[in-house]
A.B. asks: 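Handing you this structure, nothing more for now.
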Amino acid sequence: MSKLPADFYQKVYALVRTIPKGRVTSYGAIAKAIGSPQSSRTVGYAMNASHQQEDVPAHRVVNRNGVLTGKHHFSGTHAMQQLLEAEGIEIKDDQIQNFKKHFWEPEIQKA
DNA sequence: ATAATGACTCCCC
DNA sequence: GGGGGAGCCATTA
């Protein structure tokens with residue numbers, strides 16, 4: 001792994017870990033929370049690596065539309081959906097119902 | 001150091 | 001409302 005820039009991942013992991021159960025957030029929100037609102041793409045990239053972590057509920061992270069875009073990267077096809085449903089979140093066709101209601105905005109972390 | 005990739009987001013048609 | 005293209009950032013080859 002890199003030496004310094006990896007700090008970005010740490011921020012993402014820490015923030016995703018703070019996501020309350022039964023709540024979801026978007027990559028852009030996380031990116032913004034860590035101080036890089038335009039690094040939404042990198043956030044998703046970090047999530048890919050987050051799979052190595054066990055305390056990082058990546059299933060609570062979806063795109064700004066509330067769609068489980070990354071479900072394909074999970075263990076199974078519906079693993080992500082099932083996990084979210086288990087937390088009380090209703091999902092239909094990979095789309096979180098009441099996403100706005102379940103949406104959880106992370107706190108802005110200063111550099 | 002340059003080029004290519006990616007779990008995103010925004011703008012335009 | 002739906003589809004396509006460009007932009008940005010960090011990592012990897």
Side-chain angles (χ1 to χ4, degrees):
Chain A
M1 287 312 185
S2 305
K3 292 137 203 220
L4 239 299
D7 181 49
F8 192 94
Y9 282 34
Q10 297 303 318
K11 286 186 176 178
V12 175
Y13 299 150
L15 201 121
V16 172
R17 264 191 236 126
T18 40
I19 300 176
K21 177 174 170 287
R23 292 279 161 89
V24 286
T25 189
S26 64
Y27 300 94
I30 295 172
K32 184 171 189 171
I34 62 181
S36 297
Q38 292 191 291
S39 303
S40 47
R41 244 185 158 192
T42 314
V43 174
Y45 207 86
M47 298 272 86
N48 189 0
S50 83
H51 246 248
Q52 300 170 66
Q53 314 295 315
E54 297 180 13
D55 298 327
V56 181
H59 60 270
R60 290 181 188 153
V61 184
V62 296
N63 66 346
R64 75 158 190 99
N65 211 2
V67 182
L68 284 58
T69 53
K71 72 159 196 174
H72 195 290
H73 278 262
F74 259 73
S75 308
T77 357
H78 296 143
M80 191 174 183
Q81 177 175 336
Q82 288 178 10
L83 285 167
L84 291 170
E85 287 182 333
E87 297 189 356
I89 298 174
E90 195 172 353
I91 301 175
K92 177 88 173 191
D93 190 31
D94 303 340
Q95 165 71 53
I96 296 178
Q97 304 303 292
N98 281 330
F99 172 63
K100 193 174 179 181
K101 179 177 167 185
H102 290 296
F103 183 77
W104 173 83
E105 188 175 345
E107 297 181 26
I108 307 299
Q109 313 222 338
K110 295 183 111 176

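Reminder, nothing fancy here: chain letters follow the sequence lines and each chain counts from 1.
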A.B. asks: Side chain of A/Arg41 only, please: which of C/dG7, B/dA7, C/dT11 is the nearest?
C.D. replies: C/dG7

A.B. asks: Of the nucleotides C/dT11, C/dC9, B/dC8, which has the atom closest to the A/Asn63 side chain?
C.D. replies: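 That would be B/dC8.
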
A.B. asks: Side-chain contact, heavy-atom cut-off 4.5 Å: A/His102 with A/Gln97?
C.D. replies: no

A.B. asks: Look through every strand shown and name the nucleotide pairing with C/dG1 as Watson-Crick or G-U wobble, where both distances are under 3.5 Å.
C.D. replies: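 When the pairing criteria are applied, nothing turns out to pair with C/dG1, so the answer is none.
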
A.B. asks: To the nearest angstrom, how far is A/His72 atom NE2 from B/dC8 atom C1'?
C.D. replies: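 Rounding to the nearest Å, NE2 of A/His72 and C1' of B/dC8 are 17 Å apart.
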
A.B. asks: Please tell me which of A/Ser40 and A/Ser36 maps to the more 5' nucleotide of DNA chain C, matching each residue to the nucleotide holding its nearest heavy atom.
C.D. replies: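 Of the two residues, A/Ser40 wins.
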
A.B. asks: What I want to check is whether an N or O donor and acceptor connect the side chain of A/Thr42 with the base of C/dC9 at under 3.5 Å.
C.D. replies: yes

A.B. asks: Atom CD1 of A/Ile30 and atom P of C/dC9: how far apart are they, to the nearest Å?
C.D. replies: 18 Å

A.B. asks: In Å, rounded to the nearest 0.5 Å, how long is the span from CZ of A/Arg23 to CD of A/Glu87?
C.D. replies: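 If I round to the nearest 0.5 Å, the distance is 11.0 Å.
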
A.B. asks: Taking NE2 from A/His51 and P from B/dG6, how many angstroms apart are they, rounded to a whole number?
C.D. replies: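 For the pair A/His51 NE2 and B/dG6 P, the rounded distance is 16 Å.
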
A.B. asks: Quick one: are A/His78 and A/Ile91 in side-chain contact, heavy atoms under 4.5 Å?
C.D. replies: no

A.B. asks: Using a 3.5 Å distance criterion without hydrogens, assess whether the side chain of A/Glu105 forms a donor-acceptor pair with backbone atoms of A/Ala33.
C.D. replies: no

A.B. asks: Please report the interatomic distance OG1(A/Thr42) to CG(A/Asn48), rounded to the nearest 0.5 Å.
C.D. replies: 12.5 Å

A.B. asks: May I have the distance from A/His73 (atom NE2) to B/dT5 (atom C1'), rounded to whole angstrom?
C.D. replies: 11 Å

A.B. asks: Could you state the CG-P distance from A/Asn65 to C/dG3, rounded to the nearest angstrom?
C.D. replies: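 These atoms are roughly 13 Å apart.
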
A.B. asks: Whole-Å distance between C/dA10 C1' and A/Gln10 CD?
C.D. replies: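 Whole-Å distance recorded here is 14 Å.
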
A.B. asks: Can you tell me the distance, in whole Å, between the OH atom of A/Tyr45 and the C1' atom of C/dC8?
C.D. replies: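 It is 15 Å, rounded to the nearest whole Å.
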
A.B. asks: Are OP1 or OP2 of B/dC10 and a side-chain N or O of A/Arg64 less than 4.0 angstrom apart?
C.D. replies: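 True: A/Arg64 side-chain N/O within range (under 4.0 Å) of B/dC10 OP1/OP2.
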
A.B. asks: So which nucleotide from C/dT11, C/dC9, B/dA7 ends up closest to the side chain of A/Ser39?
C.D. replies: C/dC9

A.B. asks: When the distance from CG of A/Leu84 to P of B/dA7 is rounded to whole Å, what number comes out?
C.D. replies: 18 Å

A.B. asks: What is the nucleic acid contact for A/Ala58, judged by heavy atoms within less than 4.0 Å: base, sugar-phosphate only, or nothing?
C.D. replies: base

